[in-house]
Amino acid sequence: MAKHATPLLDELEKGPWPSFVTDMKRQAETHPECWDILGQLELSYKDKITHWKHGGIVGVFGYGGGIVGRYSDVPKRFPGVEHFHTVRIAQPSGLYYSTKNLRGLMDLWDKYGSGMTNMHGSTGDMIFLGTRTENLEPLFWDLTHNLEQDLGGSGSNLRTPSCCLGESRCEWACYDAQDVCHHLTMHYQDEIHRPAFPYKFKFKFSACPNDCVASIARSDFALIGTWKDDIRIDQAAVKEYIAGNYPANAGAHAGRDWGKFDIKKEVLDLCPTGCMWMEGGELKIDNAECTRCMHCINVMPRALKPGKEKGATVCIGAKAPILDGAQFATMVIPFLEVSKENEYENVIDVIEQVWDWWMEVGKNRERVGETMQRVGLPTFLRVMEVEALPQHVKEPRSNPYVFWREEEVEGGWQRDVEEFRRKHNA
Ligand code: HEM
Ligand code: SF4
Ligand code: SF4
């Protein structure tokens, strides 16, 4: 596979950001098929159109997903990318690696693939970019037998779950996001590897409302850590912030002079519910009115901490625009205990409540968020056996098209017009 002229791509070797073109050229020295990737990409830059054929169905026996098949539509010009399948590899929760493990994976990919990767796919998987069909089973054999790792998910199934780094190095974690993520990934291997759903379904776990894995926007089932008692205040540390001895937001805005820290301006007046005030040099919080937005904690991490009664909020139904428009997840369960002791039984119960229903009533290629829209939130809450709460809505409905169930209405729906006419003559 020869080197191609890539004048347009060469432009992208300029500038300070790490250049994917430079990296690919370096990779091409040992994996000549990378010249063809660059060549085909250059052609796409010129033609302003993709040069991959539609679709591609490949995989390994036993599984219904995990590998995304792909073929060049100009294979004669670029034989190195005639087959260019992508393999999704299950990643460790929180993406902590040892160099030993990474070397093992890269040796494997050097042997069977292009050597090019994506670290990581948006859903979380480690992505091996580009190999031929005949390499898939041998790769899978070595991956499972030598490295004891598995493929990730693809298709109408549970996709690879992912999480924030949680308790591993964040003092705001309200539950062990990595452990839940790992536990549920293992628990639902069958649902990950063999598509059984109307459409894809994703889990994401963020251990506090900062939501570092963006679960509320990128997962059908988002578990977002929170607490229900009082924010823990260290008044001495609050004084240090006021005195300017501790940097606000742990120094996140140090690149610009924003003046001396002003607790009123930067914390009290920005609290969305206005539930904070200073009294006798002490910071006070009316926790009953706190929505746990994280702002004050984010600004003064050394003085404020989430409470001790920790758990999580369950939000369901986020999705991208196709078909019915983009959705963030809807709050379904305000507070759920998340306990390692019962092996996350509560979380599992909620997930299965959704699945048992959606797997039956979900239409073909209908995300759960769309199914919820179709049947309406009141019906969905009944399915979930959750009592409707004011917290379920941002605001009550303004239109009066209210459905009542027959049993809620005295006399029911069976009425006799003759009866009506006896009082109201036509
Ligand atoms: C072919 C002729 C007509 C058509 C296709 C028509 C169509 C409609 C439609 C679709 C509605 C809304 C119904 C709803 O939202 O449930 C409506 C409401 C109404 N129409 Fe007509 N209409 C026609 C003629 C008339 C005439 C001639 C009058 C009065 C003399 C009239 C008076 C009304 C009134 C007062 C309403 C409101 C009823 C309510 O909200 O209770 N319409 N019409
Ligand atoms: S989501 Fe919260 S707990 Fe998780 S890493 Fe981000 S700030 Fe920390
Ligand atoms: S967490 Fe948010 S709502 Fe609660 S006191 Fe702090 S700033 Fe106010």
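Whatever order the structure lists them in is the order used to number ligands and atoms, beginning at 1. Along the sequence shown, the residues carry numbers beginning at 1.
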I need the protein N, O or S atoms closer than 2.8 Å to atom 6 (Fe) of ligand 2, given as residue plus atom name. Cys212 SG
Just to be sure I'm reading this right: ignoring hydrogens, which of Pro272, Cys290, Pro306, Cys293 gets closest to atom 4 (Fe) of ligand 3? Compare them by their nearest heavy atoms. Cys290
Check ion pair Arg26-Glu29 (N to O, under 4.0 angstrom): no
Around atom 8 (Fe) of ligand 3, find the nearest protein heavy atom and jot down its residue, atom name and distance. Cys271 SG, 2.3 Å
What do we get for Met276 next to ligand 3 when only non-hydrogen atoms under 4.0 Å count, side chain, backbone, both or neither? side chain
State, to 0.1 Å, how close Phe221 and Val350 come at their nearest heavy-atom pair, and which atoms those are. CE1-CG1, 3.8 Å
Can any side-chain N or O of Gln178 pair as donor or acceptor with the backbone N or O of Ser93 at less than 3.5 Å? yes
Within the 4.0 Å heavy-atom shell around Cys275, which atoms of ligand 3 are there? 5 (S), 8 (Fe)
Atoms of ligand 3 close to Cys296 [distance to a heavy atom under 4.0 angstrom, numbered from 1]: 1 (S), 5 (S), 6 (Fe), 7 (S)
Distance, nearest 0.5 Å, that separates CD1 of Ile89 from CZ of Phe140: 9.5 Å
Inter-residue atom distance Met116.CE - Gln27.CD, 0.5 Å rounding: 7.5 Å
Starting from atom 3 (S) of ligand 3, find the nearest protein heavy-atom neighbour and note its residue, name and distance. Thr291 N, 3.5 Å
So CD1 of Ile233 and CG of Asn287: to nearest 0.5 Å the spacing works out to 7.0 Å
Check: Phe197 ring centroid to Trp355 ring centroid under 6.0 Å: yes
Can Glu137 and Tyr112 be counted as having a side-chain donor-acceptor contact under 3.5 angstrom? no
Roughly how far, to the nearest 0.5 Å, is CG of Asp176 from OG of Ser168? 8.5 Å
